[in-house]
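All figures in this text were calculated on a predicted structure; none of them were measured in a lab. Convention: sequence-line order gives letters A, B, ...; per-chain numbering from 1.
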Amino acid sequence: FRHSSQYRFWSFTPEQLEQKRIRVNAQAVQSIEEDLRNFVADNKTDLNEEEIKTIEMKAVPVTAEEELKLINLYAKKVQMIAQRLNLPTEIVATSITFFRRFYLENSVHKFEPKAIVLTTIFLACKSDNYFIGIDSFCEKTRGSKEQILKYEFPLLESLKFSLFNHHPYRPLHGFFLDIQAVLHGKVDLNYMGHIYDRCKKRITEALLTDAVYFYSPPQITLSVLMIEDEALTTRYLELKFHGNNPDSSADAEETISQDNSVNISLEKLVTLIRDCKRIIEESPSTSVDEAKSIAARLYFCQNPKDL
Amino acid sequence: YTKEKKVGEGTYAVVYLGTKQSTGRKIAVKEIKTSEFKDGLDMSAIREVKYLQEIQHENVIELVDIFLAYDNLNLVLEFLPSDLEKVIKDKSILFTPADIKSWMLMTLRGVHHCHRNFILHRDLKPNNLLISPDGQIKVADFGLARTFPSAQEILTSNVVTRWYRAPELLFGAKHYTSAVDIWSTGVIFAELMLRIPYLPGQTDVDQIEVTFRALGTPTDKDWPDVSFFPAYNKLQIYPPPSREELRRRFIAASENALNFMCGMLTMNPQKRWNAVQCLESDYFKEAPAPSDPSTIQ
Amino acid sequence: DVSKRYTLEQSLYSDPFIKDLQERKDFIASGFRVDYVYERMLTEAFM
């Protein structure tokens, strides 16, 4: 995983991530404010006092926090549209991933989210071997061919050309198998099947949170398993680490692999999983009204003349 | 980066030789044509970018950088002046069984690295095995690569250049595995020993004929359910070659070399050797040892 | 790092979906192998 572009380019600490968003927003706000000043200066003669006041009141750039609210709302739209197209789970996940990463490198002031949504899904299909020709894609989504293709390069560049994604679904399948081995005979397979389906849905929700930048896919999977069945997951991890001798000390540096080359401490892992679980459960939500007011300000920043 | 000399042009890209200004390093710039593909960026370019970004290995071509310029996507790749096809064809170049062993070892290391990252190459052939100035073999051209499929996924069988195409692909299989890359590697090994193409079919249909005439027509006995493929019914039945025939055909090959080749050219993909079995085979443990790549002329 | 961080215990897995594919002629003839699927999933889980 550490060799993957996902780890090398797209993993951050919470502080780094916040700084990144603040920096991207600040750059955009600075240039927007300059444009607005120039607009007012260039149109001094045409604008009366009241109009200038209106511009100052309504064409107000949005903050990094407000940007994130809008991005989160549109990320859900990406998920919805991709699911409505009956795309495989992994491709829905890649679409969401591409969309959210794009806005780690770009501000909504510069690229209106609505314009990027379809391009992220189109590129995700191409990248994950589910090619849909642009004409049929536009037919299904009623999108504009020019607009979708126009943003393909900016999207690819903002993604730092990293298209390969490790989503938490395969780890879920892997743990589904390993749980059967470690808890052999102690788990009901039908029940496991239900857990599996619920976890798949929960993983897609998790991809809408910042957990994807702070944790590796398997860690996210274990957090989702912990949400869906804490007892099962805890039991599995205990046995995984301590085998059947429960008296071995929980905090000892336990080895998870035969050749003792890798030391992972159960206690550290469980703490990490719980932290990740909290982020996933906090999944962000933005009200439509709030989004509308943010979008309005964005629009007026781009089009002060309309004001 | 500079683009100094155009050295090649394909369907979706033009390749230039150039230099990285800051270090003076020789590089190749693969400029992707964007106008040719009405659906935006070409699928081959997307695949090259996607998989080369993930693979860092001595025996896989290095993606040095990527940039957009004048609406063209440019892949900056390490400079690799030669390839195995050129070596095989150039009869003035003499090479030894130790050289062949070295090339096979490096090729299989590169293929193994792709497979353990769950990436199928799907176009292995001599001119996609490039040679660096210090003699290293580098697997290149990931324009047909893809990740191992999810279980229910259907794959196209129209991959791999015909002469190197595995029998399951010739039959139109939709759920094939990394075994198709191993077959290609086996055919390349045969070609290195013969110095002529081993299974040169003129058409896709002829390729089936040529393959089974040389290696025998598979049956349900050695390849369960092979008769399930629709194309199977019209087949000419050929017996597999005897060991003696193989010895005569590959006169310079040791017993282990023949086992190695037969392991890679096993008809049944489920039984075909995988990259680890190839790398751990006796062929690489017996004399002659693989040549030091930097000494191979 | 070539050490696998898991043990493949195929006999202990009940995976009806994968097991079903293993019986299908088009999968068998194509070279489909259940252990390749399991290896991939376990590698992704323990990476």
Tell me, side chain or backbone of B/Pro218 under 4.5 Å from chain C's heavy atoms, or both, or neither?
neither

Do the ring planes of B/Phe250 and B/Tyr198 sit parallel (below 30°), tilted (30 to 60°) or perpendicular (above 60°)?
perpendicular

Should we say atom NZ of C/Lys19 is surrounded by more than 12 heavy atoms from elsewhere, each under 6.0 Å from it?
yes

B/Asp181/B/Arg122 salt bridge by N-O under 4.0 Å criterion:
no

Identify which of C/Leu21, C/Asp26, C/Val37 forms the greatest number of heavy-atom pairs closer than 4.5 Å to chain B.
C/Asp26

Walk me through it: do B/His175 and C/Phe32 pass the test ring pair (Phe, Tyr, Trp, His ring centres under 6.0 Å)?
CA-CA 6 Å; B/His175 308 286; C/Phe32 177 81; 7.5 Å; no

Mind telling me whether B/Tyr283 and B/Phe260 have parallel, tilted or perpendicular rings, with 30° and 60° as the class edges?
parallel

Residue among B/Phe229, B/Phe228, B/Phe118, B/Tyr176 with most heavy-atom pairs under 4.5 Å to chain C:
B/Phe118

What I want to find out is whether B/Glu78 reaches B/Lys138 closely enough, with some N-O distance under 4.0 Å, to be called a salt bridge.
yes

Where does C/Ile28 contact chain B at under 4.5 Å (heavy atoms): side chain, backbone, both or neither?
both

Side chain from CB out, backbone as N, CA, C, O: work out which of these in B/Glu168 comes under 4.5 Å of a heavy atom of chain C, or both, or neither.
side chain

Which atoms of B/Lys271 are under 4.5 Å from chain C, going by heavy atoms: the side chain, the backbone, both sets, or neither?
neither

With a 4.5 angstrom heavy-atom cut-off, is it the side chain or the backbone of B/Ala179 that approaches chain C, or both, or neither?
neither

